[in-house]
Peer 1: 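Quick one: structure below, then a few questions.
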2 protein chains.
Amino acid sequence: MKFDDKVPIYYQIKTYLYYDVLTGKLKPGAKLPAVRQLAVDLTVNVNTVQRALTEMIAEKTIISQRGKGNFVTEDQDKLAQLKEQLVMSQLAHVYDQLHRLNLSDSEIVASLQRYIDQKGAPQDVERISD
Amino acid sequence: MKFDDKVPIYYQIKTYLYYDVLTGKLKPGAKLPAVRQLAVDLTVNVNTVQRALTEMIAEKTIISQRGKGNFVTEDQDKLAQLKEQLVMSQLAHVYDQLHRLNLSDSEIVASLQRYIDQKGAPQDVERISD
DNA sequence: TATAGTGTAATAGTTAAATAGAACACTAGG
DNA sequence: CCTAGTGTTCTATTTAACTATTACACTATA
């Protein structure tokens with residue numbers, strides 16, 4: 001996995017797992033890969049995986065059972081709440097950043113709409129073959 | 001100044017200065033505060049300020065003149081281009097993150113619009129993502 | 001030419017993140 | 001009971017970021 005060297009790896013692993021949980025790739029009650037396996041998959045040390053998990057366990061997003069494995073919480077309300085928080089924090093962040101750049105509320109929405117509209121449209125990349 | 005302990009301080013200073021430059025708080029050709037003054041203002045070490053500046057100088061966003069001071073570039077095209085890049089990277093980032101959470105294009109725009117509309121009532125959401 | 005104000009560089013020490021490796025604690029199944 | 005698979009903890013080491021401090025290089029000006 002590719003990591004951003006500006007953010008601690010354990011923190012990026014936490015984010016990575018959040019997305020797996022919140023998108024249902026890991027469903028409520030599902031067993032996570034073993035910590036040693038995750039460490040191999042992510043090409044990091046077991047302790048780094050454990051550090052990420054320890055925080056998620058403290059938050060009760062992950063339920064740890066010694067000798068058995070780590071499991072996604074079955075509390076669906078909690079998961080829905082987490083997803084809402086995540087969406088909101090993303091929106092708040094982008095809003096703040098663009099607002100700081102002096103874009104008005106309507107310009108912010110318009111620029112996002114424009115980005116989405118043009119996203120699929122052909123960029124000016126060089127065409128190599130058909 | 002408040003710093004996010006998940007990101008290197010020198011990098012946050014760089015971002016901070018970018019915003020000052022791109023919003024015109026520091027106009028093209030303007031002299032920046034002295035490095036020692038910036039260090040005091042931001043309550044960090046001079047070397048940390050210098051590290052941020054060194055990168056911006058390498059990019060020619062800041063022009064350094066030994067004995068005189070650091071100055072914002074007068075190349076307005078460059079500044080406009082930087083601002084466009086910054087806006088686009090913000091939009092791309094939030095789009096990708098929300099898309100990963102299985103929100104459709106229209107849901108993404110709608111959620112932003114909803115956030116702006118309801119912005120008056122502050123939530124205290126914990127920042128989860130990078 | 002002396003001095004204050006500026007950027008720049010170098011050294012040394014502290015801390016947090018990450019690694020490697022080992023050991024310990026518990027569970028399930030043969 | 002033994003063993004393989006699991007989570008958990010600990011020690012030691014390395015590296016990057018940050019700090020403190022000092023010194024050097026250059027500019028303007030009194």
Side-chain angles (χ1 to χ4, degrees), chain A residues 1-18 20-21 26 28-74, chain B residues 1-18 20-21 26-27 29-74 127-130:
Chain A
M1 179 175 174
K2 53 139 197 60
F3 291 108
D4 177 354
D5 67 0
K6 297 296 186 309
V7 181
I9 293 175
Y10 83 90
Y11 198 78
Q12 297 182 61
I13 293 174
K14 202 174 155 186
T15 300
Y16 168 82
L17 292 175
Y18 266 121
D20 276 2
V21 167
L26 285 172
K31 185 182 182 211
L32 273 67
V35 288
R36 290 172 182 78
Q37 186 59 47
L38 271 176
V40 170
D41 294 347
L42 302 173
T43 60
V44 297
N45 189 272
V46 179
N47 297 316
T48 308
V49 171
Q50 187 66 31
R51 176 160 182 186
L53 287 175
T54 298
E55 296 195 359
M56 300 181 78
I57 290 164
E59 300 162 5
K60 300 197 195 332
T61 304
I62 300 294
I63 308 300
S64 169
Q65 292 187 259
R66 199 185 188 111
K68 290 178 158 183
N70 291 308
F71 301 83
V72 178
T73 180
E74 305 205 22
Chain B
M1 176 175 175
K2 53 140 194 61
F3 291 107
D4 178 353
D5 66 2
K6 297 296 188 305
V7 180
I9 293 174
Y10 82 89
Y11 197 79
Q12 296 181 64
I13 292 173
K14 202 175 156 186
T15 301
Y16 168 81
L17 291 175
Y18 265 122
D20 276 1
V21 167
L26 285 172
K27 301 198 187 313
K31 185 182 182 207
L32 273 67
V35 288
R36 290 172 182 78
Q37 186 58 48
L38 272 176
V40 170
D41 293 347
L42 302 173
T43 58
V44 297
N45 190 270
V46 178
N47 297 317
T48 308
V49 171
Q50 187 64 31
R51 176 161 183 184
L53 288 175
T54 297
E55 296 195 359
M56 299 180 80
I57 290 164
E59 300 162 4
K60 300 199 195 328
T61 303
I62 300 295
I63 308 300
S64 169
Q65 291 187 258
R66 198 184 188 109
K68 291 180 157 182
N70 291 309
F71 302 83
V72 178
T73 180
E74 305 205 22
R127 193 84 200 294
I128 293 175
S129 77
D130 48 10

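Lettering follows sequence order; numbering is per chain, from 1. For clarity, every value in this text was computed on a predicted model and none was experimentally measured.
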Peer 1: Report the residues that fulfil side chain to side chain contact (heavy atoms under 4.5 Å, CB included) with E74(B), sequence neighbours left out, ordered by chain and then residue number.
Peer 2: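 With neighbours one apart ignored, the set is empty.
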
Peer 1: For T54(A), what residues pass the side chain to side chain contact (heavy atoms under 4.5 Å, CB included) criterion, not counting sequence neighbours?
Peer 2: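 Result, side chain to side chain contact (heavy atoms under 4.5 Å, CB included) vs T54(A): Q50(A).
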
Peer 1: Grab the N/O contacts between the protein and nucleotides 17-19 of chain C below 3.5 Å, and write none if there aren't any.
Peer 2:
unit_1, atom_1, unit_2, atom_2, d
dA17(C), OP2, R51(A), NH1, 3.2
dA17(C), OP2, R51(A), NH2, 3.0
dA18(C), OP1, I9(A), N, 2.0
dA18(C), OP2, Y10(A), N, 3.4
dT19(C), OP2, N45(A), N, 3.1
dT19(C), OP2, T48(A), OG1, 2.5

Peer 1: Look for any protein N or O under 3.5 Å of an N or O in nucleotides 26-29 of chain C and output each such pair with its distance, or none.
Peer 2:
unit_1, atom_1, unit_2, atom_2, d
dA28(C), OP1, K68(A), NZ, 3.4

Peer 1: If a pair satisfies salt bridge (Lys or Arg N to Asp or Glu O under 4.0 Å) and one of its residues is in residues 42-63 of chain B, list it, with sequence neighbours excluded.
Peer 2: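 Listed once each, the pairs are K14(B)-E55(B), K14(B)-E59(B).
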
Peer 1: Going by number, which of residues 30-38 of chain B have a non-hydrogen atom under 4.0 Å from DNA chain D?
Peer 2: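 Correct list: R36(B).
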
Peer 1: Say you draw a straight line from CD1 of I63(B) to NZ of K68(B); how long is it, rounded to the nearest 0.5 Å?
Peer 2: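 Rounded to the nearest 0.5 Å, the CD1-NZ separation comes to 13.0 Å.
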
Peer 1: Are S64(B) and dT8(C) close enough that a side-chain N or O sits under 4.0 Å from OP1 or OP2?
Peer 2: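 Result: yes.
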
Peer 1: When you compare the side chain of T73(B) with that of V21(B), does any pair of heavy atoms fall below 4.5 Å?
Peer 2: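 Counting from C-beta outward, V21(B) and T73(B) never come under 4.5 Å.
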
Peer 1: As an exercise, state the distance from CG of L17(B) to CD of Q12(B), rounded to the nearest 0.5 Å.
Peer 2: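 Rounded to the nearest 0.5 Å, the CG-CD separation comes to 12.0 Å.
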
Peer 1: Taking 5' to 3' order, which nucleotide of DNA chain D is first and which is last to have an atom within less than 4.0 Å of a heavy atom in chain A?
Peer 2: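 Contact span on the strand: dG5(D) to dC10(D).
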
Peer 1: If you look only at distance, which donor and acceptor atoms sit under 3.5 Å apart when one is on a side chain in residues 29-38 of chain B and the other is two or more places apart or in another chain?
Peer 2:
unit_1, atom_1, unit_2, atom_2, d
Q37(B), NE2, D41(B), OD1, 2.9

Peer 1: For S64(B), which residues count as a side chain to side chain donor-acceptor pair (under 3.5 Å) partner, sequence neighbours excluded?
Peer 2: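 Per chain and number, S64(B) pairs via side chain to side chain donor-acceptor pair (under 3.5 Å) with N70(B).
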
Peer 1: Sequence neighbours left out, what passes side chain to side chain contact (heavy atoms under 4.5 Å, CB included) with N47(B)? Give chain and number order.
Peer 2: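 If we apply the side chain to side chain contact (heavy atoms under 4.5 Å, CB included) test to N47(B), skipping adjacent residues, the hits are N45(B).
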
Peer 1: Got a sec, which residues hit side chain to side chain contact (heavy atoms under 4.5 Å, CB included) with Y11(B), two or more places apart in sequence or on another chain?
Peer 2: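 With sequence neighbours excluded, Y11(B) shows a side chain to side chain contact (heavy atoms under 4.5 Å, CB included) to K6(A), V7(B), P8(B), T15(B), given in chain and number order.
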
Peer 1: Check the distance between dA9(C)'s P and Q50(B)'s CD and give it to me in whole angstrom.
Peer 2: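 Taking CD of Q50(B) and P of dA9(C), I get 7 Å after rounding.
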
Peer 1: If I compare all heavy atoms of F3(A) with all of V44(A), which pair ends up nearest, and what's the gap?
Peer 2: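 Answer, listing the atom of F3(A) first, then V44(A): CE1-CG1, 3.7 Å.
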
Peer 1: Roughly how far, to the nearest 0.5 Å, is the OH atom of Y18(B) from the CD1 atom of I62(B)?
Peer 2: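 Reported to 0.5 Å precision, the distance equals 8.5 Å.
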
